[in-house]
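One is the number of the first residue; the rest follow in order along the sequence.
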Amino acid sequence: MATAIGAASWLVGKVLNKLSDDLVSAYVASSKLGLNYDLINTKLLYMQGLLHASENKDVSSDHGLHGLLEKLAKKADEAEDALDELHYFIIQDQLDGTREAAPDLGDGLCSYALHCSHAARHTIGNWFPCFCCSRTQDADFAAGNPHNVTKSDSSNDGGCVAKLKFDRVAMSNKIKSVIEGIHNLCDPISDLLNKIPNNSTVVTIKRSPTGSTVSQDKLFGRSVIFEKTVNALTGGTYQTETLSVLPIVGPGGMGKTTFTQHLYNDKRVEGHFTVKVWVCVSTDFDVLKLTRQILSCIPTVEEEKYKCTIETASLDQLQKSIAERLKSKRFLIVLDDIWKCNSEADWKNLLSPFTKGESRGNMVLVTTRFPSIAQMVETTDPIELGGLEPNDFFTLFEACIFDRSKLPGNYEDDLIDVARDIARKLKGSPLAANTVGRLLRKNLSREYWMEILEKNEWSNTKNDDDIMPSLKISYDYLPFYLKKCFSYCSLFPEDYKFQNSEITHFWMTVGIVDSSSQNDKNYLEELVGNGFLIKGGDNSGQYYVMHDLFHELSRNVSSQECFNICNLSFRADDIPKSIRHLSITIKNVYDESFVEEMGKLRSVIDIANLRSLMIFELHDVRIAKFLEHTFENIKGLRVLFIAMTTQQSLPNNFSNLIHLQYLKISSPYGLEITLPSTLSRLYHLKFLDLRDCWGIEKLPKDFSRLVYLRHFHSSKEIQSNIPEVGKMKHLEELKEFCVKKENVGFELKELGELSGLGGELSIYNLERVRSKGEASDAKLKNKTNLKELRLVWSKAERQPIDDDVLDGLHPPNNIRVLGIINHGGTTAPSWLCGDISIKKLESLHLEGVSWSTLPSFEQLSNLSKVTFRNIIGMCLFGPGIGGVTERSFTHLKEIVFEDMAELVEWVGGPSSHMFARLESIKINDCPLISSFPFLKCSDVFTKLCKLDIQKCPGLSLFPLMPHTSTLTYVRVINDGSELLYNGKEVSINGYTRPLAFHIMDKVEHMEIYGVSHVTLSDLQKLKTLSSILCERCDDVFSTELDDTVLLHSVQNLRIEELQITGELFSKALRSFPALSKLEISECGNLELLPVEDGGLSDLRMLQSFNGFRCGKLFSRWHMEEVGGGGHAINPFPTCLKELDIFIDQSMQSMGLLSNLMSLTSLSLRDCSELTIDGFNPLITVNLKKLYVRNEEGISIAGDLLSEIARSKLMRAGSFQLEELYVDSISAVLTAPICSHLAATLHTLRFRYDQSATTFTEEQERALLLLSSLQHLEFYYCYLQSLPRGLRGLSSLKTLVIQRCEKILSLPPKEGLPTSLEELEVWYCSPELTEQAKKLKEADPWFSVLVLPVV
């Protein structure tokens, strides 16, 4: 009920917001409508206040109030629609200078005519049932032919779009009806709310108490972090501190309490701490109460000075008693399950008695599901508990299902695959394992388990200790606005990367976030702080993701408002009629059942009044057309996310979506898209996102009529082509503007109208601006929200420049980032080089300028980055030169010199401190520079983190690098010499200057090319080094090879083009006792030694070996010495899991591999002398990937696979092979082989088969046995045709045909599998290439990649 009250308050607020518009309120208050506007507005405000005050009151038993609130919500929705519609026509009046929707028309003749017109139109009836306006000829339905609308919507002929006409009579009637309906509900609802007792509050959330006794005997998984934590608690990590606080944080159900119980009861922890206390805090963070509980658990001491009665003592007495009892004792205190802490002061107050003792290493462990609490209490990095690893989780899951019972007899055959599928959905949550385990234990039949899987039955469980109720407690704890924010996230796909702007704009559109206060709160960060989202980042920036179980919770709590069609098994009848927000996140795989259920949708939910429709995936033409017609009657949309496959992909009613505020369109790459011209009459549009719409070349002519558009996301090229952009006065971002004198509407005065512009702005073609007055028209100085500004003149159109133009382009005084590029004048602007007014500038980029005077950098005291590129006339840089003094650049962190053809020296010495704060230096393409301060006095640059020097041949005498541990990025590339270092990786290629190996203590990967001054002793200093590549550097292995040189951390070693003998190589391998991966490439003289001790056989941890183009690796291994005999010597240790040999004639017998029973990947390519002799079928038992190819010699694929099939050691279905690359079609496509492969094989590649030309009937049948096959490829085969039964491969997603020049035809689309998502045709016959192109043209959403023969 609290949620219902909150929702009603929210909806009333949206109506009040609409009524706050002056023109809307004037219309509602007009005498013609006959409403008492002031009284209605006052009552709505009063009721909103009552609703807000009642949100925390317990009214769950008042069903009458609940019913009235439902009616109010419906009426509020209708009122919002009606007022929004009125506002649309008010905007249209403002754009066209008309008075169709004016509040009062007056009494003149013209007004009388307008009244008559409206009355007549209303009498005849509206063409549009959607809203109170009639169609103009431009967008009419032809009788019985709705496609005319689509045609009109999709057209973009450059002409003006006819406007929609206003029906005053219908509008007035509608507004009067809904406002009176709300007014009539105000009194009874307010009366009921006033009768709720003030003390009738919602009961505080109750949590089951926890104790220190281990509730789960075994801790599943977490062994690494558990041991690390025990060692930290009992070792030296915290021993220097009096008190440390370690939070253990994670979502509900992740096992935080269980993990902490095992820590608390570990023998090592018990022996380390004299006193241990466990307190369950839960939702009641009361400092006095918690202090009493803690004191009661601490043993008393003799002759207590501050002894007190715990139940009655004051906080001061209790704290003194705690401090006395713990004075010389090391203690561990666990505060379990903290849900809130009122303030940091309360937290410090609670901890104060624990900081007074004499002992060190005391610990407080805090478990919480809220990262915000963890952040507040931590003194050390928290332990973040996420889901268990898949294998650990499945072990726990089985234990939860069967408890201590034995596995049933049918488990392996009938149940284990279903159990694994369910486990994958639970995302590692231990509580989910317990919940679902109890469900599955009730009935051990496959049918029952499949039902649990398909219906996600665990989401319907009700017990407090089940996963969904446990997570919902966190949801119930949120304030109402965060509940709404979280619940609407259900519309997005699982694992969606939420961008701040996208989700915030969505929330604003649906009315959750008030656009006027959007900057006051970061709702995403609040959800992170409450544990509902996780913050991440990648190359594209910061994003937020939601754990899958929370996504399921969001679907549950929003089920009456939002529905996400995310799988094929959805049923239209299961969707509540109240749904207002619908998304389709299912991928491009459909069946007839899905089509049928979508067909029912129109009769189940109120399509016309959907508020959001979000279609995330790309769809083929058939589904796109189906969706287009399903939603043709839609009219109330505020949000539309849609993918365009053709010009007709938008809903038929698109031109009439007058409420639409957020539109996001995507399209497949390569498809040309023309935006419908009617887009420009969607006047309420605030957010338009075309970033994923690849084929748009231009915007509709009247695009600037979108006067309420605030954020327009698209390519910069599209943004720079908005004519008369100055009309869009609400626009808040415009990344690029191009001055065009030949086109009206592209003058700088357009920018002058956009006072709210923020973010970044680049202005191009400034050479076309002729005067300071014209430049001043941009009013850049007034755009105080602007953070970054780039002013760009074209190099191609060099013309005489009026220096005053740049003076007229005065940025706002608070500008942070400024770039001036290719200014052709000789004088800098006064606002930069005279009386500087932009003193908050943090970054300055000067390029292609030839000013007589540079800025006075001393006045730019906030400057943290400066870039000089192609500055004409700059030969020297430093104190006393140009605008630089000793007091300049005192806060500079980054300096860049690029393309500076005349720069000879950057002057500076050890006594100069002007660059003391520098963190980054970049000098690129400066051919004359011979010195800069770092070369002479590197010790002054103590904060330098990044050094990047390229194409500067005069800079070579570098000091020891890196010179300090702070320098974590170095790039020096000059005349064939290269040094790359990024803290984790080092690459040396011909670089001969000294290196500080002792400083590079975090390096994990080292690459060495063509140098002789690096030795294994040097590399031994890199304690974290795990990977080495050596190419053309024989000296690394030819010196100091003795038993004292050991690189224990190195796991991967790759050597290339080394002249090394087998004896020396065997000796070198002793330095790498932990080696797990070894790659040898193009070492033509290297021969592996056949010895029992030494060589590869000593590498007990070797998992992977790759031999590439060596030729002699096995030349010392004679046929009689290999095989399966008891005294046979094999080249590789039995632990090997991955083996890849490419082009080695010395590889002659499969017997060399007979001991490798752990292999998961085996690749034998172009070993021309290889035979099947000595083959041991057992080496294939664990294989997941097999690649057998011999391009020139005799293929062993047939014999190898036949041996596997004939082997009695394996029963059908036990083979685990997932990927097979083979050069013989006939070797694979037999019934015995394919029956072995059917369950697991997902990738099959036929390569270099020059014998098979067609498929036999037996081969066709065998191919269809591969029911799990997802990827099928033919490469360099002599085939004349494809298999006829391709359509029968029901799981196939990708088909690749490459360099098969004799195949002349493709099956038609209906002859391909319905599951097929991608077809690739590379370098094939012209006939096949042409058919593939036609297939792509017929269905743009079907991914077809075609590369013709050149």
Side-chain angles (χ1 to χ4, degrees), residues 223-224 227 389 391 1004-1006 1016-1017 1019-1020 1022-1030 1036-1037 1040-1055 1058 1060-1081 1083 1086-1108 1110 1113-1114 1116-1117 1121-1141 1144 1147 1149-1164 1174 1176 1178-1185:
S223 57
V224 174
E227 289 300 316
E389 291 298 316
N391 290 339
E1004 298 173 359
H1005 179 69
M1006 182 74 140
L1016 288 182
S1017 293
L1019 302 185
Q1020 191 176 17
L1022 307 178
K1023 301 303 182 183
T1024 58
L1025 188 65
S1026 63
S1027 175
I1028 301 175
L1029 185 156
C1030 292
V1036 171
F1037 292 101
E1040 301 182 30
L1041 282 178
D1042 58 54
D1043 294 339
T1044 63
V1045 180
L1046 294 172
L1047 287 80
H1048 291 284
S1049 61
V1050 175
Q1051 299 174 3
N1052 301 332
L1053 174 63
R1054 180 185 176 97
I1055 61 172
L1058 295 191
I1060 187 170
T1061 65
E1063 287 77 11
L1064 186 57
F1065 183 61
S1066 291
K1067 188 177 181 182
L1069 288 180
R1070 296 173 190 164
S1071 297
F1072 303 96
L1075 205 62
S1076 64
K1077 183 175 184 178
L1078 175 61
E1079 299 179 68
I1080 306 173
S1081 177
C1083 298
L1086 179 57
E1087 300 173 338
L1088 299 176
L1089 300 182
V1091 293
E1092 285 192 63
D1093 299 314
L1096 299 184
S1097 60
D1098 264 0
L1099 300 175
R1100 304 302 181 189
M1101 300 177 70
L1102 193 67
Q1103 303 280 301
S1104 174
F1105 179 86
N1106 187 325
F1108 182 83
C1110 290
L1113 284 180
F1114 308 98
R1116 296 197 190 184
W1117 297 78
E1121 294 176 351
V1122 299
H1127 299 288
I1129 302 173
N1130 296 91
F1132 303 105
T1134 57
C1135 55
L1136 199 72
K1137 291 186 176 181
E1138 298 176 1
L1139 177 63
D1140 185 354
I1141 308 294
D1144 198 317
M1147 178 74 181
S1149 167
M1150 287 296 295
L1152 290 168
L1153 317 179
S1154 60
N1155 65 322
L1156 302 181
M1157 261 74 84
S1158 298
L1159 278 181
T1160 59
S1161 176
L1162 175 61
S1163 178
L1164 302 169
N1176 177 8
L1178 284 175
I1179 71 171
T1180 66
V1181 169
N1182 294 303
L1183 271 187
K1184 298 288 178 64
K1185 177 180 176 181

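Taking every heavy atom of both residues into account, Val1045 and Ser1017 meet most closely at CG2-OG, 3.9 Å. Nearest heavy atom pair, residue Gly1151 against residue Asn1130, reads O-ND2, 3.3 Å. Closest approach of Gln1020 to Lys1023, counting heavy atoms only: O-NZ, 3.5 Å. Across every non-hydrogen atom of Arg1070 and Leu1046, the tightest pair is O-CD2, 3.4 Å.
Ser1163 OG to Lys1185 NZ: the interatomic distance, rounded to the nearest 0.5 Å, is 6.5 Å. Taking CD from Glu1138 and CG from Asp1140, the interatomic distance works out to 9.5 Å, rounded to the nearest 0.5 Å. Distance check: Leu1139 CG to Leu1159 CG gives 6.0 Å after rounding to the nearest 0.5 Å. Atom CG of Leu1156 and atom OG1 of Thr1180 lie 12.0 Å apart (nearest 0.5 Å). Residue Ser1081 holds its OG atom at 7.5 Å from CG of Asn1106, rounded to the nearest 0.5 Å. Between the CZ atom in Phe1072 and the CG atom in Leu1053 there is a gap of 5.0 Å [rounded to 0.5 Å].
Using a distance-only test at 3.5 Å, with no hydrogens or angles considered, no donor-acceptor pair links the side chain of Ser1049 to the main chain of Ser1026. The closest donor-acceptor contact from the side chain of Arg1100 to the backbone of Ser1097 lies under 3.5 Å. Thr1160 places no side-chain N or O within 3.5 Å of a backbone atom of Lys1184 that could act as its donor or acceptor partner. Judged by distance alone, with hydrogens and angles left aside, the side-chain atoms of Asn1182 form a donor-acceptor pair with the main-chain N or O of Met1157 at under 3.5 Å. Between the side chain of Ser1076 and the main chain of Gln1051, a donor-acceptor pair closer than 3.5 Å is present. A donor-acceptor contact shorter than 3.5 Å is absent between the side chain of Trp1117 and the backbone of Ser1149. Although no hydrogens or angles enter the test, the distance criterion places a donor-acceptor pair under 3.5 Å between the side chain of Thr1061 and the main chain of Leu1064.
Counting non-hydrogen atoms of neighbouring residues, nucleotides and ligands closer than 6.0 angstrom, the CD atom of Glu389 reaches no more than 12 such neighbours.
Looking at heavy atoms from C-beta onward, Asp1144 lies out of side-chain contact with Phe1108 at the 4.5 angstrom threshold. When side chains are defined from C-beta on, Leu1089 does not count as touching Phe1065, because their heavy atoms never get closer than 4.5 Å. At a threshold of 4.5 Å between non-hydrogen side-chain atoms, the residues Ser1161 and Lys1137 do not count as touching. You'll find the side chain of Leu1086 stays beyond 4.5 Å of the side chain of Cys1110, heavy atoms only.
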task = Take Ser1154 and Asn1176 through the side-chain hydrogen bond (donor to acceptor under 3.5 Å, both in side chains) test and state the conclusion after the steps.
result = CA-CA 5 Å; Ser1154 60; Asn1176 177 8; 5.7 Å; no
inquiry  = Run the side chain to side chain contact (heavy atoms under 4.5 Å, CB included) test on Ile1055 and Cys1083 for me, step by step, so that the C-alpha distance in whole Å, both residues' side-chain angles and the decisive distance to 0.1 Å come before the verdict.
reply    = CA-CA 8 Å; Ile1055 61 172; Cys1083 298; 4.1 Å; yes
Verdict with supporting geometry, Leu1113 and Glu1087, side chain to side chain contact (heavy atoms under 4.5 Å, CB included) = CA-CA 4 Å; Leu1113 284 180; Glu1087 300 173 338; over 6 Å; no
ask   = Do Leu1047 and Ile1028 pass the side chain to side chain contact (heavy atoms under 4.5 Å, CB included) test, and can you show the C-alpha distance, the side-chain angles, and the key distance before you say yes or no?
value = CA-CA 11 Å; Leu1047 287 80; Ile1028 301 175; 3.9 Å; yes
task = Start with the C-alpha gap between Leu1102 and Leu1078, add the side-chain angles, then the distance that decides, and say whether side chain to side chain contact (heavy atoms under 4.5 Å, CB included) holds.
result = CA-CA 8 Å; Leu1102 193 67; Leu1078 175 61; 4.0 Å; yes
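Partners of Thr1134 under the side chain to side chain contact (heavy atoms under 4.5 Å, CB included) rule, at least two apart in sequence or in another chain, are Asn1155. Scored by the side chain to side chain contact (heavy atoms under 4.5 Å, CB included) test, Met1101 finds Ala1074 as partners (sequence neighbours excluded). Listed by chain and number, the residues in a ring-ring contact (aromatic ring centres under 6.0 Å, His included) with Phe1105 are Phe1132 (sequence neighbours excluded).
Just one residue in the list Met1006, Glu1004, His1005 forms a side chain to side chain contact (heavy atoms under 4.5 Å, CB included) with Leu1025, and that residue is Met1006. Of the listed residues (Ile1060, Leu1058, Leu1016), just one forms a side chain to side chain contact (heavy atoms under 4.5 Å, CB included) with Val1036, and that residue is Leu1016.
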